[in-house]
Amino acid sequence: MIQVSGMPFQPSDSWKPDQIETTIIKALQKTPNIYSFSSEKELLFEVKSRKNIILSAKEMNDGESTFATFRTARCNPTYWQLTRAGGFLLKRQTSPAAAIRDIFTNSDQYKFECATACVINFYHGLLKTMGDYSFSTLFPNLYLYSWHTDDDLGLYSNFVNHYIPGDVVYFNNPDVNPATPWFRGVNAIAIGNDEFFGHGFSIRTEEKMIEALNTKRRKDSQQSAYLTSLITRPSFQPLARFSAGRTIHKTRPFIVHHNKTSVSFRQYLYELTYIPKY
């Protein structure tokens with residue numbers, strides 16, 4: 001259910017949503033949760049951002065970037081420094097907007113895993129929504145590695161009984177073949193109509209995604225891969241307020257180079273908080 005200024009949402013005559021936007025609005029309206037917005041402009045920002053994340057996922061699917069483990073990751077050295085951990089560090093005096101856009105325009109120069117792909121699509125979708133200046137101001141020190149993000153992206157995860165197009169869902173493969181641990185799961189962007197984009201798996205239905213993962217299980221496996229109830233999304237409302245002119249103070253988020261391909265955002269948060277016992 002959608003509420004705007006405390007009231008059930010009624011679209012104004014000036015707003016003419018396209019097909020993707022209509023799908024997103026219907027999904028928000030159908031959920032048992034209340035999605036509350038302070039203004040129609042704030043709601044519009046989220047709907048536009050989700051649509052652009054979906055369009056970015058489709059563009060990545062049509063591009064030439066390929067799936068890779070952190071050990072074999074690759075990026076365009078014009079914009080990014082490839083770190084020893086397999087992350088992409090934005091070079092100094094380089095436009096964040098131009099660097100993110102290059103991943104799509106020169107996609108043949110990039111290799112990365114599926115969590116990194118989801119973060120890239122979040123950034124690219126927001127770039128399309130916010131424009132170059134606002135995006136580069138908000139995200140001046142990009143580092144692309146697994147689920148590591150700028151704090152102002154506001155990523156968070158929940159276990160829910162629904163997802164909205166533009167969310168990232170997680171397909172778990174508990175009996176993964178130990179020889180190919182990067183198939184332990186797939187982070188995939190919900191693009192609507194029961195279809196998902198997972199980097200390295202292309203666009204598939206839930207059934208086909210599970211079918212593909214099941215070919216990567218141990219020989220003696222008795223447990224199928226499955227779609228979990230975990231979803232991951234940016235905090236759209238603070239981002240909308242920034243795009244309207246809010247000032248910010250930037251900090252550098254903590255990072256752990258865990259070297260585990262295809263982990264969920266929740267697992268990445270566990271890696272951040274894990275303290276080894278000696």
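In this chain, numbering begins with 1 at the start of the sequence shown.
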Return yes if a side-chain donor-acceptor contact under 3.5 Å exists between [X] and [Y], otherwise no.
X      : Y      : answer
Ser56  : Glu59  : no
Ser202 : Asn61  : no
Thr228 : Asn172 : no

Between [atom1] on residue [X] and [atom2] on residue [Y], distance to nearest 0.5 Å:
X      : Y      : atom1 : atom2 : result
Ile191 : Ile20  : CD1   : CD1   : 9.0 Å
Asn121 : Ile189 : CG    : CD1   : 4.0 Å
Asn173 : Ser224 : CG    : OG    : 8.0 Å
Lys48  : Ile53  : NZ    : CD1   : 14.0 Å
Ile203 : Asp62  : CD1   : CG    : 6.5 Å
Thr149 : Leu142 : OG1   : CG    : 10.0 Å

Any donor-acceptor N/O pair, [X] side chain to [Y] backbone, under 3.5 Å:
X      : Y      : value
Thr137 : Tyr133 : yes
Ser235 : Gly154 : yes
Thr31  : Asn33  : yes
Ser107 : Ile103 : no
Ser5   : Ser38  : yes
Thr116 : Ser146 : yes
Tyr145 : His258 : yes

Going hydrophobic residue to hydrophobic residue with side-chain gaps under 4.5 angstrom, can you get from [X] over to [Y]?
X      : Y      : result
Leu269 : Tyr170 : no
Ile164 : Leu230 : no
Tyr226 : Val168 : no
Leu144 : Leu82  : yes

Min side-chain heavy-atom separation [X]-[Y] under 4.5 Å:
X      : Y      : answer
Phe135 : Tyr123 : yes
Ser65  : His199 : yes
Phe159 : Arg266 : yes
Tyr268 : Lys260 : no
Leu239 : Pro234 : yes
Phe265 : Asn187 : no
Ile2   : Leu43  : yes
Phe197 : Lys58  : no

Testing the basics here: between [X] and [Y], what is the closest heavy-atom pair and its distance to 0.1 Å?
X      : Y      : value
Ile25  : Pro17  : CD1-CB, 4.2 Å
Ala68  : Lys111 : CB-CB, 3.6 Å
Arg233 : Phe122 : CA-CZ, 4.1 Å
Leu90  : Pro140 : CD2-O, 3.5 Å
Gly185 : Ser262 : O-CB, 3.4 Å
Thr232 : Ser157 : OG1-OG, 2.6 Å

Could you identify which residues cluster with Ile210, counting Ile, Leu, Val, Met, Phe, Trp and Tyr as linked when any side-chain heavy atoms lie under 4.5 Å apart, either directly or through a chain of such contacts? Phe67, Val160, Tyr163, Val169, Phe171, Val176, Trp182, Phe183, Val186, Phe196, Phe201, Met209, Leu213, Leu227, Ile231

With sequence neighbours left out, which residue pairs that include part of residues 212-231 fulfil the salt bridge (Lys or Arg N to Asp or Glu O under 4.0 Å) condition?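 Checked against salt bridge (Lys or Arg N to Asp or Glu O under 4.0 Å) - neighbours excluded - the pairs reaching residues 212-231 are Asp175-Arg218, Arg218-Asp220.
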
Asn52 and Thr129: CA distance, side-chain angles, deciding distance, side chain to side chain donor-acceptor pair (under 3.5 Å) verdict: CA-CA 7 Å; Asn52 286 329; Thr129 306; 2.8 Å; yes

Before giving the answer on side chain to side chain contact (heavy atoms under 4.5 Å, CB included), spell out for Tyr35 and Gln3 the whole-Å C-alpha distance, their side-chain angles and the decisive distance to 0.1 Å. CA-CA 6 Å; Tyr35 286 85; Gln3 286 187 352; over 6 Å; no

Please say which of Lys26, Lys51, Arg50 ends up in a side chain to side chain donor-acceptor pair (under 3.5 Å) with Glu21.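 Running side chain to side chain donor-acceptor pair (under 3.5 Å) over Lys26, Lys51, Arg50 with Glu21 returns exactly one hit, Lys51.
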
What do the steps show when you test Leu153 against Leu138 for side chain to side chain contact (heavy atoms under 4.5 Å, CB included), and what is the final call? CA-CA 9 Å; Leu153 189 61; Leu138 188 59; over 6 Å; no

Please step through salt bridge (charged side-chain N to carboxylate O under 4.0 Å, His left out) for the pair Glu42 and Arg241, ending with a clear verdict. CA-CA 8 Å; Glu42 197 173 83; Arg241 290 191 286 271; 3.4 Å; yes

Pairs involving residues 69-83, ordered by first then second residue, that meet side chain to side chain donor-acceptor pair (under 3.5 Å) (sequence neighbours left out): Thr69-Thr72, Asn76-Thr78, Asn76-Asp102, Trp80-Tyr110, Thr83-Tyr143

Which of parallel (below 30°), tilted (30 to 60°) and perpendicular (above 60°) describes His124 and Phe104?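 Judged by the thresholds at 30° and 60°, the geometry between His124 and Phe104 is parallel.
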
